[in-house]
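Given the structure is predicted, the values throughout are model-derived calculations rather than measurements. Quick note: numbers below take in every heavy atom, side chains included, and nothing from hydrogens, waters or symmetry partners.
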Amino acid sequence: MEDKEKELKIKENVVHTGIVTESELVDLYNLVDLFIFPSLYEGFGLPVIEAMACGTKVVSSNSSSLPEVGGDKIPYFDPKNVDEMAEAIEKELEREEEEGEKQKRIDWAKNFDWKKTSEEIKNYFEIYKKQ
């Protein structure tokens with residue numbers, strides 16, 4: 001990996017964090033200008049929600065569950081199309097954020113709550129048992 005970083009002349013801009021604590025992860029989300037999630041397949045998309053919960057701007061692939069997770073609050077790209085991904089990243093980095101947009105991402109992320117989800121699943125099984 002480091003050879004590729006040298007070849008691309010980005011080595012000085014790359015940080016290999018290794019495993020980070022939850023607190024460090026929140027700090028990282030808050031330090032970046034943009035969180036990029038180029039996943040080809042995602043079971044749910046927790047990193048997108050985590051970044052949005054910090055108010056961080058996000059661009060994500062349009063694969064599997066990610067459009068549902070990010071809703072209309074973030075832009076998407078085809079993860080198999082490098083040009084489309086680069087365009088989405090560049091556009092989002094250059095775009096001026098509208099007033100209240102950060103709070104909208106934070107509010108959206110609140111929809112994905114463990115307690116709320118467990119209650120909904122419990123209610124689903126209660127209905128299912130009655131059938």
Side-chain angles (χ1 to χ4, degrees):
M1 188 180 306
E2 289 187 22
D3 289 342
K4 191 67 168 174
E5 292 166 6
K6 284 180 187 175
E7 177 188 330
L8 295 171
K9 299 178 181 164
I10 61 169
K11 184 166 175 37
E12 63 279 352
N13 296 320
V14 176
V15 177
H16 297 272
T17 62
I19 297 172
V20 297
T21 66
E22 189 173 328
S23 172
E24 290 168 330
L25 183 60
V26 170
D27 289 342
L28 289 170
Y29 283 132
N30 281 292
L31 287 171
V32 300
D33 294 323
L34 179 65
F35 178 72
I36 305 155
F37 201 62
S39 179
L40 293 172
Y41 177 79
E42 198 60 35
F44 187 71
L46 283 176
V48 170
I49 296 168
E50 291 170 341
M52 291 177 75
C54 292
T56 304
K57 289 170 72 172
V58 175
V59 292
S60 174
S61 67
N62 61 6
S63 64
S64 59
S65 64
L66 295 169
E68 183 179 349
V69 170
D72 64 354
K73 306 296 182 264
I74 64 172
Y76 300 93
F77 55 83
D78 177 349
K80 294 181 181 178
N81 185 325
V82 175
D83 293 333
E84 189 177 317
M85 185 186 316
E87 183 181 325
I89 293 167
E90 187 174 343
K91 187 176 179 180
E92 195 63 11
L93 283 171
E94 292 175 351
R95 185 180 68 78
E96 288 291 323
E97 200 165 49
E98 296 175 21
E99 188 174 328
E101 192 176 340
K102 181 176 183 172
Q103 189 59 49
K104 286 179 182 177
R105 287 190 297 273
I106 293 169
D107 292 343
W108 177 260
K110 289 177 184 176
N111 288 314
F112 301 92
D113 175 84
W114 289 114
K115 186 174 182 179
K116 178 182 169 187
T117 301
S118 65
E119 287 296 321
E120 288 176 3
I121 292 170
K122 180 182 170 190
N123 290 339
Y124 171 78
F125 283 114
E126 291 298 321
I127 292 168
Y128 181 73
K129 283 195 295 188
K130 291 178 183 178
Q131 292 181 354

With [X], which residues qualify under side chain to side chain contact (heavy atoms under 4.5 Å, CB included), at least two apart?
X	value
L28	T17, V20
L31	none
K11	E2, E5, K6
K115	D113

Evaluate side chain to side chain contact (heavy atoms under 4.5 Å, CB included) for S61 paired with L40, printing each intermediate quantity in order.
-> CA-CA 7 Å; S61 67; L40 293 172; over 6 Å; no
side-chain hydrogen bond (donor to acceptor under 3.5 Å, both in side chains): which pairs involve residues 71-92, sequence neighbours left out?
-> E92-R95
What side-chain hydrogen bond (donor to acceptor under 3.5 Å, both in side chains) pairs are there with at least one residue in residues 22-37, not counting sequence neighbours?
-> T21-E24, Y29-E50
Treating Ile, Leu, Val, Met, Phe, Trp and Tyr as nodes and any side-chain heavy-atom pair under 4.5 angstrom as an edge, say whether I49 and W114 lie in one connected cluster.
-> yes
Pairs involving residues 41-74, ordered by first then second residue, that meet ring-ring contact (aromatic ring centres under 6.0 Å, His included) (sequence neighbours left out) | F44-F112
Sorted by chain and residue number, the side-chain hydrogen bond (donor to acceptor under 3.5 Å, both in side chains) partners of Q103 (sequence neighbours excluded) come out as D107
Residues which pass side-chain hydrogen bond (donor to acceptor under 3.5 Å, both in side chains) with S60, listed by chain and number, not counting sequence neighbours = none
I10: hydrophobic cluster co-members (side-chain, 4.5 Å) | L8, V14
Using links of under 4.5 Å between side-chain heavy atoms of ILVMFWY residues, direct or through other members, which residues join I36 in one cluster?
-> L34, V59, F77, M85, I89, L93
For E7, which residues count as a salt bridge (charged side-chain N to carboxylate O under 4.0 Å, His left out) partner, sequence neighbours excluded?
-> K4
Take E97 and R105, measure what side chain to side chain contact (heavy atoms under 4.5 Å, CB included) needs, and give me the verdict at the end.
-> CA-CA 12 Å; E97 200 165 49; R105 287 190 297 273; 2.3 Å; yes
Is there a donor-acceptor contact under 3.5 Å from the side chain of T56 to the main chain of F35?
-> no
For G45 and S65, the nearest pair of non-hydrogen atoms, with its separation, is N-OG, 4.3 Å
Give, for atom CG of N62 and atom CD1 of I74, the distance between the pair rounded to the nearest 0.5 Å.
-> 10.5 Å
